[in-house]
J.: 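I'd like to ask some things about the structure below.
Throughout, protein chains are lettered first and strands after them, A, B, ... in sequence-line order, and every chain is numbered starting at 1.
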Amino acid sequence: MKRALPVLALTIAGLVPVWRYAPSLGTAHTAEAAPPASAPSSSSSPGSSSGSASSGSSSSGSSTQAVAGSSEPIALGGFTAGTLRVEVTFEGEKMTAVKLLEQPPPSPQTTEAVPKLIEQTLQAQSADIDTVSGATITSGAYKKSLQAALDAQGA
Amino acid sequence: MRRVEHVMGFPVSLRIDDEEVPAALADEVYAWLREVDERFSPFKPDSEVSRLDRGEIGPGEVSADLAEVLDLCEEYRLATGGAFDARRPGEGFDPCAVVKGWSVQRAADLLTAAGVRRFCLNAGGDVVVAGGPWRVGIRHPEHADQLCAVLEITDGAVATSGRYERGDHIVDGRTGRPATGLLSVTVVAATLTEADTAATAAFAMGAEGVAWAAGREGCEVFAVDAERRVLRTERVPVA
């Protein structure tokens, strides 16, 4: 008979830095999921229980049990990173499903930065260079081009 | 070692500074570019691109190389909201804008794979360098014999789009009209595949293309708009 172990919904603090990972963050956290200790012993009776630790409610007809962990915001490097709540389903000792219940709002690090453009006046210059980038030149126009002069220099 | 040959209608200048260069290497580079011209030119009736366009081969029957080019065309079409489009109403499929950067980057990869450390490959104004520093001038959009900036690049690619050489050949696919919002736009990126296609796509978008290209990962931009203002990203490697 299939033994459906209870389900635990956790606030997984360690996952938040992973979720919000940005190379500049420079902090490393190790996720340490709590064992389903608060879960009721598994039931082998038909219609096993289901519920949430935070609400304690249960309903029949489901083979899973949800136990919500605390949802306190996680402080990360001096700012609040928000709350990530997931529901983890165990069958036996195997984790079979992870469901996202609540996710933190997007942070500056996960939002694409709008590039800052610098405005300047157009200048004309000549300088010592190795090569020229320009709109695709035709073979005909090449003869009189700067690049042709550079190619001839080194030939 | 320096060599210049004309392929696909533009000059391709190759400079290799390594002392020992495999004898046939430069030949291989130019042979590859001529092969690309035969296979991907929409102006050659027997090319794979022309046969695809006439429906003689299906989209599922193309070579792996052409499949890669088709994927790139689609990627940039979607990324630009249709401003960059290799398929235009009333005209045949023309992937030239993607093929150029892609094939010249492949040529540069041939050099790198052969162990060449310091080279500069310039295909009609689109540049791939390795083992720098290299000083890469950006042609002034209004004065052919002058520059508007000098970049210093160690390894990477620089591509410029404009209409001062070939006229109004870049069309905004959203309107069907020639793109005129910029005088020129230069993109610096890790590969010429990205630099060239992003520059062409930004040019097709017009003024808004500058911010679009600047927002692409790994791209630095130096543009001159129709009012002769320079707009550039902070980290474009100005020498």
J.: Considering only heavy atoms, which portion of B:Val136 lies under 4.5 Å from any heavy atom of chain A: side chain, backbone, both, or neither?
T.: both

J.: Could you look at B:Arg15 and say if it's the side chain, the backbone, both or neither that has a heavy atom under 4.5 Å from chain A?
T.: side chain

J.: Checking heavy atoms, do the side chain of A:Ala127, its backbone, both or neither come under 4.5 Å from chain B?
T.: both

J.: Can you tell which part of A:Ser145 gets under 4.5 Å to a heavy atom of chain B, answering side chain, backbone, both or neither?
T.: neither

J.: Can you list the steps and then say if A:Gln147 with B:Val4 is a side-chain contact (heavy atoms from CB on, under 4.5 Å)?
T.: CA-CA 10 Å; A:Gln147 183 61 40; B:Val4 185; over 6 Å; no

J.: More than 12 heavy atoms of other residues, nucleotides or ligands under 6.0 Å from CD of B:Glu35: is that the case?
T.: yes

J.: With a 4.5 Å cut-off on heavy-atom pairs, point out which of B:Ala211, B:Cys148, B:Ala123 contacts chain A the most.
T.: B:Cys148

J.: Who among B:His6, B:Glu234, B:Arg232 has the most heavy-atom pairs with chain A under 4.5 Å?
T.: B:Arg232

J.: Select one option (side chain, backbone, both, neither) describing which atoms of A:Glu119 are under 4.5 Å from chain B's heavy atoms.
T.: both

J.: Among the options B:Glu165, B:Glu227, B:Arg139, B:Arg228, pick out the one with the most heavy-atom pairs lying under 4.5 Å from chain A.
T.: B:Glu165

J.: Counting C-beta onward and ignoring hydrogens, is there a side-chain heavy-atom pair between B:Glu142 and A:Leu122 closer than 4.5 Å?
T.: yes

J.: Please identify, among A:Ala149, A:Ser139, A:Ala148, A:Ser126, the residue contributing the most non-hydrogen atom pairs under 4.5 Å to chain B.
T.: A:Ser139

J.: When you measure from the side chain of A:Ser133 to the backbone N and O of B:Asp126, does any donor-acceptor pair fall under 3.5 Å?
T.: no

J.: Heavy-atom distances under 4.5 Å only: say whether B:Thr233 touches chain A with side chain, backbone, both or neither.
T.: both

J.: Measure B:Cys120 against the heavy atoms of chain A and call it side chain, backbone, both or neither at under 4.5 Å.
T.: side chain

J.: Among all residues two or more places apart in sequence or in another chain, which pass the ring pair (Phe, Tyr, Trp, His ring centres under 6.0 Å) test with B:Trp212?
T.: none

J.: Spell out, as yes or no, whether a donor-acceptor pair under 3.5 Å connects the side chain of A:Asp151 to the backbone of B:Arg2.
T.: no

J.: Which of the residues B:Gly162, B:Ala199, B:Pro11 is involved in the greatest number of heavy-atom pairs with chain A at under 4.5 angstrom?
T.: B:Pro11

